[in-house]
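For reference, the structure is listed below as structure tokens.
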Amino acid sequence: MKYCSKCVMPDTRPDLRFDRDGVCDACRSFERKHKSIDWEARRRDFEEMLKKYGNRNPTKYDCIIPVSGGKDSHLTLHYAKDVYGLKPLCVCFEPTLSTEIGRQNLANISRLGVDLIHFKQNPIVYKKLIMEGFRRVGDMEWANHMGIWSVPVHFAIQFDIPFIFWGESPQLEYGGAETVSETNKRQFNEDWLNDYGCLNGLRPQDMVDEKNGITLRDLQMYIYPGREDVERWGGRGVFMGYYFIWNNAHNLSIIERMGFSRRRGRIEVSYTDYEKLDCLSMNLHDYLKYLKYGYGRATDSACIEVRNGIISREEGVRLVEKYDGRYPKECVERFCEEFAIGRDEFDALCEPFINRALFENEGGTLKRDLDGSLVFKVKFVERRRNP
Ligand SMILES: [Zn+2]
């Protein structure tokens, strides 16, 4: 395991490449983003695209904006509605463990003056899918990713809406950009979803299970619309972060003016108070990521801030050491309550996904601190400090 010499990302991150100088491609793509990308030209490209493929029917919506109430949904709405005067239809896929602040922010989206479809999935089926994703691929948010990516496309086709506007492509934000084609940086479609949508090779169809009472029909909204339907629709999914600078400090100043609220106090798995606010289960997804790859949400956030020059690499390391990998007790308890399992059972479900090479063990048994946190091997802590 090695670390980027500029940020604090390890090479265990899927799809991340390092160059000869030991710098990760997320850092390199950040440098390019700020030095060589002509943002004015990108903005013109966006406007061209609106003109060429946009809605010409005044009785129809111009675009779909998938919203959670988070920071990206606010900013995307800002560009579509305030900057370009488009008529959006917002679509929210109900989160797994919704939070008070998430509900407030979603209500704020609505208050800004848009039509909003709040898609409340069948909770009996959804709960089964959540547990299946947890068991099979170590990701309790698998069904949520599937729903978030697919449901808006179904609505776009049904209502004949030409655009779906997403925030920033995760590969641009968090790394892995070198392996992503130019098209995939700006365009969302089924190929993108299969390659980069966090699906771990699992398809909704794989979840059909007579014993578990899940039928194909239960999954229709989770299954990406068929190629024929998509072609007939002729619309497109667009990552706004390709066309407009996506930068936390700048974005927050815009969306706070729109009424976006931060959390009082940081989220449980990191030091920030403005991201992943709408769903507690996303914190567990990040915890599992830590168990699999040895880095969590604090690393993601620190890398972005190191690249933006807000903190030094040394400060980033300190934040990561302080917050990454701590056992997220509050989220685990809430999850266990909701899904009627015990904490032992939760830990046992995590166990097969732990990368044992990363953590200390005693005679084969993983070492845990009193608070339940696994102990990261000292040699990796050292390597992160001195890449
Ligand atoms: Zn880096």
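Predicted model only: the values in this text are computed from it and were never measured. Order of appearance sets the numbers: ligands from 1, and atoms from 1 within every ligand.
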For this session: Find out whether M258 and I255 are in side-chain contact, i.e. whether some heavy atom of one side chain is under 4.5 Å from a heavy atom of the other.
Result: yes
Problem set entry | Cation-pi, F359 ring and K377 (6.0 angstrom, 45 degrees) | no
For this session: Specify whether an N/O/S atom of C303 falls short of 2.8 Å from the Zn ion (ligand 1).
Result: no
For this session: Nearest 10° is fine: what angle sits at the Zn ion (ligand 1) between SG from C24 and SG from C4?
Result: 110°
Exercise. Going by atom types alone, do D115 and Y61 pair a side-chain donor with an acceptor below 3.5 Å?
Worked result: yes
Exercise. Please state the angle at the Zn ion (ligand 1) spanned by SG of C27 and SG of C7: what is it, rounded to 10 degrees?
Worked result: 100°
Exercise. Cationic tip of R236 within the cone over F188's six-membered ring, i.e. under 6.0 Å and within 45° of the normal?
Worked result: no
